[in-house]
Amino acid sequence: MSDPFALDDDLPPPSPPPRAAGPVPVPPDAPWLTGLNPEQLEAVTALDGPVLVLSGAGTGKTRVLTSRLAQILASKRAQPWQCLAVTFTNRAAREMKERVAALVGPMAQDLWLGTFHSLCLKILRRHAEAVGLKSDFIVLDADDQVRVLKQVMEAEHIDAKATPPQSLMATIQRWKDRAQTPEKLAAPEHATEVAGGRARELYRLYQERLRALNACDFGDLLLHTLTVFLGDRAVLERWQNQFRYLLVDEYQDTNVAQYLWLRLLAQKHQNICCVGDDDQSIYSWRGAEVGNILRFEKDFPGARVVRLESNYRSTPHILGAASGLIAHNAGRLGKTLRPGLSHDLDTVEKIRTRAVWDGEAEARAVVEEIEAFQRGGAALSSMAILVRAGFQTREFEERLIATGVPYRVIGGPRFYERLEIRDAMAYLRIVISASDGLAFERIVNTPKRGLGEAALQTIHILARDINVPLFDAARLLSNSDELKPKPRKALAQFVEDVGRWRSLLESMPHAELAETILDESGYVEMWRNDKSPDAPGRVENLKELVAALEEYQSLPSFLEHVALVMENDEKAETDRVVIMTLHGAKGLEFDTVFLPGWEEEVFPHQRALMESGGQGLEEERRLAYVGLTRAKKRVVITFAANRRIYNQWKSQLPSRFLDELPERHVERSADRGLYAGGLEESRAAWNAPSWKTAPPREAKPKTAIATGARVFHDKFGNGTVLSSDGNKLEIAFDKAGTKKVLDSFVTPL
DNA sequence: GATAATCCGGTTTTT
DNA sequence: CCGGATTATC
């Protein structure tokens, strides 16, 4: 395999950093410099040349980043637009922008500050032609990506069962993460593993298809930008010259493509400052390379390394527990978190572990504690339940609902990823841009207009033959007699509708236009008539979408925003407990953190354990470290002796991580009848037969179902049997109408 | 082309 | 065992 870090192009040796034209000394009492500890001060003021900041959890890395930006600007080393600051999430970007603005004022507006993807998009818009795109190319989200790939696979007669498009997509993403274009993708060894050896070819075809659609996916934003830089020295130099100072947040999460991107841009001035923590690297499964931290000193010779080890967030017990745990990982860069604040060890709580009987008892225990803290005056929003995986949230939700404690689950399907929202946006897209083939496909027969596979195919063939967008092909077909009268009429109606909406683009306010489109297309109507239980919610969401539109200048600017910012803007906070995954919690902090489910195969997760080489386990351990270090005051870890997984009872073994917590920082307890201890004790207890058997399921007597009987169906609810034919029943359901159903799907009432 | 039955998988997730 | 996605059937 070729070295993914090798760049095709021979880059010029870095020229010595040019003397900045008269940097100005910054007074040491500048507001962003006061109160910094010596290491922080060094990280903030070492402006010239490469700097690597190894920043442990809670050591003030955001403070360092924002202060450093303020320092660069105040020293007049660069104008705001000559500074590039990169984050991974929009949330982090927003926070940084706000905090810099607080220090330097409106100048912050002109910084190049954003996520890798948004910055790449900004750059790529100017050089799109160099990679075969027009500058108004669209950015596909995950859903559209898979749909495109699926089409490619179908055209190539790839068996979708042997190779699910999803998994090939994941493979391609990983290639893109490592900056492997189809051409560069070295060894055939990759290509042979997946899709019957044709993965590489499919990758190439997928890229071709994207280009034909004038579209790119998230990975392409980076990859294309790299291609542009490498393909045109003048362009590269233009950007290298502009960005005199680079700052990178969460550096341990960068993938190879992002790393190369940074290295290219920093080559000229060498003023790059990366902030990261190898112990918080928890995204290797999506291409992040912790190794980028290790490479830094090699690729930027003479780099200054600053370690931030004073923790201003957590108590000494929490830090001790977290440090003791993470010490079990091999190959760390090695940092020690020290308490940066003074604590009275007599009053500070040890972290607590608690053994409980099962998941229900766990939820009860945690919620009881939450209520107790609340009675003690703690805000609910100061407490969080951090789970390993999404399925764990349910029992907590149930318990919180039962006790009436307000809560909020972070994560889950996001607003702009919902089916109805994506459909609605496809309508907006096709109105704005007739050439948006994906949008056309998505809604041409939604709601149903009687345009089936046959009609779609005719449109596709014509579009391909005369090389026009699908919508134009549709227009031509609606005036010809290629199609049968019915679909032809439906298509003509659709084309006319879109044309009418398009003519309103200029004259009608865009939110109103969107409302009109959703109304006249019958799309809202479709959901109003839908009897499924989530239909009313979808209608609500569509209303919300229209409301959200008001906030934007125009439809295109709205769609551009949505392409990159797929987050929910949650409304103003009432006081609620948060439930979220450990991954989602990175970068946040809470007074009290509950860490449930510390059991072997739950956490560390089974799949991580199966991976070879212990890499998976180490990442799980880092995840545990992230969890512990979210807490300011106290941590409560729980683990259950029994857990129902996929509705099957299993007896659980306490997580090995429990044994890795240093005893002096931990207070262990167990609910009545349970062992408090670690692995050894519970191994003995494990085989006790008492809890291995789940209560046997009630056997259902098989009764014949007679005409007129009342029955229940999982999907359709209660109904009355009208007639039967062998094992087939015709049933009039109370809510869902009359259906034909097999008797095995209903139960007599 | 719509609807019902069957199959399959079942961590983490941003952009 | 539950649900989403695919397949099978009318």
Side-chain angles (χ1 to χ4, degrees), chain A residues 86-93 114-121 139-142 145-146 150 160-161 164-167 170 173 176-177 216-222 250 253 255 257-258 282-288 386-392 394 410-414 416-417 419 445 448-456 486-487 561-567 580-587 597 601-611 616 619-620 622-623 626-627 644-649 694 697 713-716 727-729 731 736-742 744-746:
Chain A
V86 202
T87 64
F88 273 85
T89 65
N90 289 299
R91 193 186 74 202
T115 62
F116 275 102
H117 298 269
S118 69
L119 295 167
C120 281
L121 180 63
V139 182
L140 302 189
D141 59 35
Q145 288 172 37
V146 175
K150 207 161 145 191
K161 255 181 277 173
Q166 288 281 7
S167 77
Q173 309 266 35
K176 291 189 175 182
D177 288 340
C216 73
D217 64 21
F218 285 118
D220 287 339
L221 289 175
L222 268 145
E250 304 281 15
D253 287 340
N255 60 36
Q258 288 158 339
I282 55 176
Y283 283 111
S284 71
W285 49 274
R286 69 179 198 215
L386 307 183
V387 297
R388 174 63 181 86
F391 74 87
Q392 292 174 270
R394 222 187 60 215
I410 313 264
R414 281 164 305 196
Y416 292 115
E417 278 171 1
L419 174 81
N445 196 34
K448 303 273 184 286
R449 303 183 166 88
L451 293 164
E453 212 170 309
L456 257 288
K486 234 184 182 167
H561 171 84
V562 168
L564 286 183
V565 186
M566 293 286 264
E567 62 189 2
M580 65 173 119
T581 63
L582 288 160
H583 284 92
K586 192 168 76 160
E601 307 205 324
V602 174
F603 190 38
H605 193 275
Q606 184 183 7
R607 291 263 298 247
L609 288 169
M610 287 191 312
E611 276 172 46
E619 184 146 319
E620 294 287 300
R622 292 194 289 269
L623 205 44
V626 167
R644 198 167 55 181
I645 293 169
Y646 308 137
N647 257 351
Q648 246 172 328
W649 282 97
R697 219 156 52 87
H713 186 282
D714 270 354
K715 261 205 201 105
F716 307 130
N727 59 348
K728 285 178 207 150
L729 303 172
I731 299 169
T738 300
K739 313 252 177 210
K740 284 184 183 146
V741 164
L742 289 184
S744 54
F745 276 75
V746 299

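Below, chains carry the letters A, B, ... as their sequence lines are ordered, and counting in each starts from 1.
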Leu451(A) has an atom CG; how far is it from atom P of dG1(B), in whole Å? 8 Å
Between Glu620(A) and His605(A), is there a donor-acceptor pair closer than 3.5 Å when you use the side chain of the first and the backbone of the second? yes
Below 3.5 Å is the cut-off: list the nitrogen or oxygen pairs between protein and nucleotides 10-14 of chain B, distance only.
from: dT11(B); atom 1: OP1; to: Tyr646(A); atom 2: OH; distance (Å): 3.0
from: dT11(B); atom 1: OP2; to: Tyr646(A); atom 2: OH; distance (Å): 3.2
from: dT11(B); atom 1: O4'; to: His605(A); atom 2: NE2; distance (Å): 3.3
from: dT12(B); atom 1: OP1; to: Gly390(A); atom 2: N; distance (Å): 2.8
from: dT12(B); atom 1: O4'; to: Arg388(A); atom 2: NH1; distance (Å): 3.2
from: dT12(B); atom 1: O2; to: Trp285(A); atom 2: NE1; distance (Å): 3.2
from: dT12(B); atom 1: O2; to: Arg388(A); atom 2: NH2; distance (Å): 3.4
from: dT12(B); atom 1: O2; to: His583(A); atom 2: NE2; distance (Å): 3.4
from: dT13(B); atom 1: OP1; to: Thr581(A); atom 2: OG1; distance (Å): 2.6
from: dT13(B); atom 1: O4'; to: Arg286(A); atom 2: NH1; distance (Å): 3.3
from: dT14(B); atom 1: OP1; to: Arg414(A); atom 2: NH1; distance (Å): 3.4
from: dT14(B); atom 1: OP2; to: Arg414(A); atom 2: NH1; distance (Å): 2.4
from: dT14(B); atom 1: OP2; to: Arg414(A); atom 2: NH2; distance (Å): 3.1

Listed partners of Phe88(A) passing ring pair (Phe, Tyr, Trp, His ring centres under 6.0 Å), at least two apart: Phe116(A)
What is the nucleic acid contact for Leu386(A), judged by heavy atoms within less than 4.0 Å: base, sugar-phosphate only, or nothing? nothing
Output the rounded distance in Å from CZ (Arg394(A)) to C1' (dC1(C)). 10 Å
Taken in chain and number order and not counting sequence neighbours, the residues that satisfy side chain to side chain donor-acceptor pair (under 3.5 Å) with Asp217(A) are Lys176(A), Tyr206(A)
Would you check if the side chain of His583(A) reaches a backbone N or O of Ile282(A) as a donor-acceptor pair within less than 3.5 Å? yes
Scoring nucleotides 5-10 of chain C by protein non-hydrogen atoms under 4.0 Å (B base, S sugar-phosphate only, - none) yields -SS---
Checking Ser118(A) now: which residues fulfil side chain to side chain donor-acceptor pair (under 3.5 Å) with it, not counting sequence neighbours? Thr115(A)
What distance do Cys216(A) atom SG and Leu121(A) atom CG have between them, rounded to the nearest 0.5 Å? 7.5 Å
Return the value, rounded to whole Å, for the distance between atom CZ of Phe116(A) and atom P of dT15(B). 13 Å
Can you check whether Glu250(A) reaches Tyr283(A) side chain to side chain, under 4.5 Å on heavy atoms? no
Rounded to whole Å, how long is the line connecting atom CG of Leu419(A) with atom P of dG4(C)? 12 Å
Side chain to side chain donor-acceptor pair (under 3.5 Å) partners of Gln392(A), counting only residues at least two apart: none
Can you tell me how far P in dT11(B) sits from the matching atom in dG4(C), rounded to whole Å? 15 Å
Using the C1' atom on both, measure dT14(B) against dG3(C) and round to a whole Å. 25 Å
